[in-house]
There are 2 protein chains.
Amino acid sequence: MNTRVTIVDVAARAGVAISSVSSALNNRPGVSEETRKRIVQAAQDLGFVPSLRGRSLSAKRAFAVGLVVHRDPYVLESDPFFGSFIGGIETVLDPRDYALILQMGSEPVETLDRYRSLAANRRVDGVFLSELGVDDPRVPLVRELGLPAIGVNAELDFPMPSVRQGHVEGIRELVAHFARLGHRRLALVTGPHEFIHAGQRRRAWSDAVTAEGLPGGEIVEGDFTYDGGVVAADRLLAGRAASERPTAVMCSNDLSAIGFMARAGELGARVPEDLSVAGFDGIQLGTYVRPTLTTIATTPRLLGLEAARMLLAAVDGERVADVDIEPARLVVRSSTGPAPVLR
Amino acid sequence: MNTRVTIVDVAARAGVAISSVSSALNNRPGVSEETRKRIVQAAQDLGFVPSLRGRSLSAKRAFAVGLVVHRDPYVLESDPFFGSFIGGIETVLDPRDYALILQMGSEPVETLDRYRSLAANRRVDGVFLSELGVDDPRVPLVRELGLPAIGVNAELDFPMPSVRQGHVEGIRELVAHFARLGHRRLALVTGPHEFIHAGQRRRAWSDAVTAEGLPGGEIVEGDFTYDGGVVAADRLLAGRAASERPTAVMCSNDLSAIGFMARAGELGARVPEDLSVAGFDGIQLGTYVRPTLTTIATTPRLLGLEAARMLLAAVDGERVADVDIEPARLVVRSSTGPAPVLR
DNA sequence: TTGAAAGCGTTACCAA
DNA sequence: TTGGTAACGCTTTCAA
């Protein structure tokens, strides 16, 4: 029973040549309707599933795409992005019988090697480039390797097709929200400057602050972790009189905002009475903590879905255009409120 | 330049037959040391990388293994397990040129279909079975599909090789810790009963409580989420006088313990002064929240590493024995303390 | 429309 | 020890 049904068996049963079976089953022309039916029937009777390996060798395709996560396990551990992103990818891959190969490289160099070996043995037909860094070395690499790739939230001048979710709108909404609530002393906790999205969010923030006619305010660099939020809170709040503290802070992701809030409380700043805090991402945890976290909600699932669609198109040799999915929007919850009255 | 170097090129350059190249490069006997050297040299000169597809077809192997996560994206989002688990798997797969195929099925039925299609087109040589349920339908399925599989934290009578990390020791340590601190009113927040590890932890808890000669205490079912912890806190604390509340609670994972602590605070129970809370897992977040979370620390990375090692052995046709890795141990932090004085 | 045969790049078997 | 050759299971080209 361990012997698989092959195209030969189907051909024999239908009484035709294997080339006809191939054509019929792949809906290619050159087969009469009548024989096609007979072949399909035979295939069904036998429970024929074309061998991926045979197809792979012949078609010079891997029928798989790769995602290399180039961060340490802890980040994956607490990062909301990848779970949903991968879920979105699968939605597209599955019906096309493509699979996702996941690799993890903690060291940057190691990561590059993963791409090299994926390419060397033609393990994948294309890759996703997410969490892009400034002057990311993966970009020239995949180009050199001839690997089709899709950028995820890349810069505008990114040299490959990219899917993006706008961050400008949500950040503008948040700053306007702060302004409306009477805040004048703002602060921003960024992500590590080596990630391009950290810089993007920072610029959008500065632009929005300027547009609202508010003072620039402080900017401190965080690291997207809970602990980074804690450290940022220390930097912005510890040892300062209330009048010296910012009254409204945006952290560049939710996890660090939650850390920030926790530490703020310890430092005697009540949220949102003394201090408004907002995050960016829209992770579930933000709806559970108290106060619930105001945030700019992204939709990683859609990002993954679109990225996968684009990647498969690119693999098929189509010219694919950049796609902008619906921008991330402000979701007001209870960590933001009116500016405290000046004393 | 897009034409790959094949075994034929290597054979030509070395002036030998392709079969000799194959033997030489795979360290099989039947090649003189001298020719082997020449072949290796030629391969190196040409930058030969054997084609995975060719090998795959010929060797009837996929050189890939599968992990199907059968939970909804949100869980992956906040679950510490998979990031590290996958990292451990990779450590083993990489040197052997195996890849990990990750699939996500939210619906249980969908999940089973993933296994079916993985098997149908021989996409993987074996799979991991983690997050096992009671009477898990995947077990008979993979058996029927003839897919080598390794159970992760399976029951003792699991019909396939399994890697386990002991939970009994840590739970016993925790209960002893509670007893030593003078706690008499204990409570347990379990995971969903359909997961076998929920039942395992529950039994270990009950046994330990009995062994310490403590009263049984309450048991409520949680769901391994932050919100589940919140709900459990409501169940155990809301509307009760302090004398009716438990003084020491173990939640079956850290995330729910953190939710539990947050809600406990809102309900006027100070942790650890009025109430000791402990979790299970050892996630990073537990070291950041205040108070820092006492927990039973697991090592998913080691679990993944061992599971992968076993799976590859099974794929190679070896008979593999069950493996027990170092048990999870108690890590005392600041969410547990002396029982409050009776009033 | 149908069928035969040549790849695709390995591994494995069997003569030489 | 070597080399030739038949699988492996498909797609694709080219005759019939």
Side-chain angles (χ1 to χ4, degrees), chain A residues 2-40 42-43 46-64 97 119-123 125 316-317, chain B residues 2-40 42-43 46-64 97-98 119-123 125 315-317:
Chain A
N2 211 355
T3 148
R4 276 173 70 80
V5 176
T6 76
I7 198 171
V8 177
D9 303 319
V10 178
R13 177 163 185 131
V16 298
I18 62 167
S19 51
S20 300
V21 175
S22 179
S23 293
L25 262 29
N26 291 301
N27 291 312
R28 263 193 305 264
V31 185
S32 74
E33 200 43 49
E34 196 248 334
T35 39
R36 181 186 305 273
K37 263 198 189 122
R38 197 149 36 90
I39 290 171
V40 169
L46 266 35
F48 171 66
V49 178
S51 152
L52 200 74
R53 294 171 198 163
R55 293 212 301 151
S56 218
L57 183 60
S58 173
K60 296 170 176 300
R61 283 215 188 186
F63 298 102
D97 259 315
N121 44 43
R122 297 268 204 275
R123 177 71 87 166
D125 297 326
D316 287 339
Chain B
N2 210 353
T3 148
R4 279 173 70 79
V5 176
T6 77
I7 197 172
V8 178
D9 304 319
V10 177
R13 175 161 188 134
V16 298
I18 62 167
S19 51
S20 300
V21 176
S22 179
S23 293
L25 262 30
N26 291 300
N27 292 313
R28 265 192 305 262
V31 185
S32 73
E33 201 43 50
E34 198 250 330
T35 38
R36 182 186 303 272
K37 262 196 189 125
R38 196 148 37 90
I39 290 171
V40 169
L46 266 35
F48 171 65
V49 178
S51 153
L52 199 73
R53 294 170 197 163
R55 292 212 301 152
S56 219
L57 182 60
S58 176
K60 295 170 176 302
R61 283 216 189 185
F63 299 102
D97 259 314
Y98 260 72
N121 43 45
R122 298 268 203 274
R123 176 72 87 166
D125 298 326
V315 166
D316 288 339

Sugar-phosphate, base or nothing in reach of B:F48, heavy atoms under 4.0 Å: sugar-phosphate
side-chain N/O B:S51 vs C:dC8 OP1/OP2, d < 4.0 Å: no
Sugar-phosphate, base or nothing in reach of A:L52, heavy atoms under 4.0 Å: nothing
Touch class at under 4.0 angstrom, heavy-atom based, for B:T6 against every strand present: sugar-phosphate
Shortest non-hydrogen separation from B:R36 to B:N27 and the atoms involved: NH1-CA, 3.5 Å
Close side-chain approach of A:F63 and B:R123, heavy atoms under 4.5 Å: yes
Distance test, side-chain N/O of B:K60 to OP1/OP2 of C:dT10, below 4.0 Å: no
Residue whose closest nucleotide on DNA chain C lies nearer the 5' end, A:S32 versus A:I18: A:S32
Electrostatic pair B:K37-B:E34, nearest N-O below 4.0 angstrom: no
N/O donor-acceptor pair, side chain A:S19 with base C:dA4, under 3.5 angstrom: yes
side-chain N/O B:R28 vs C:dA12 OP1/OP2, d < 4.0 Å: yes
Sugar-phosphate only, base, or nothing, as touched by B:V49 at under 4.0 Å among non-hydrogen atoms: sugar-phosphate
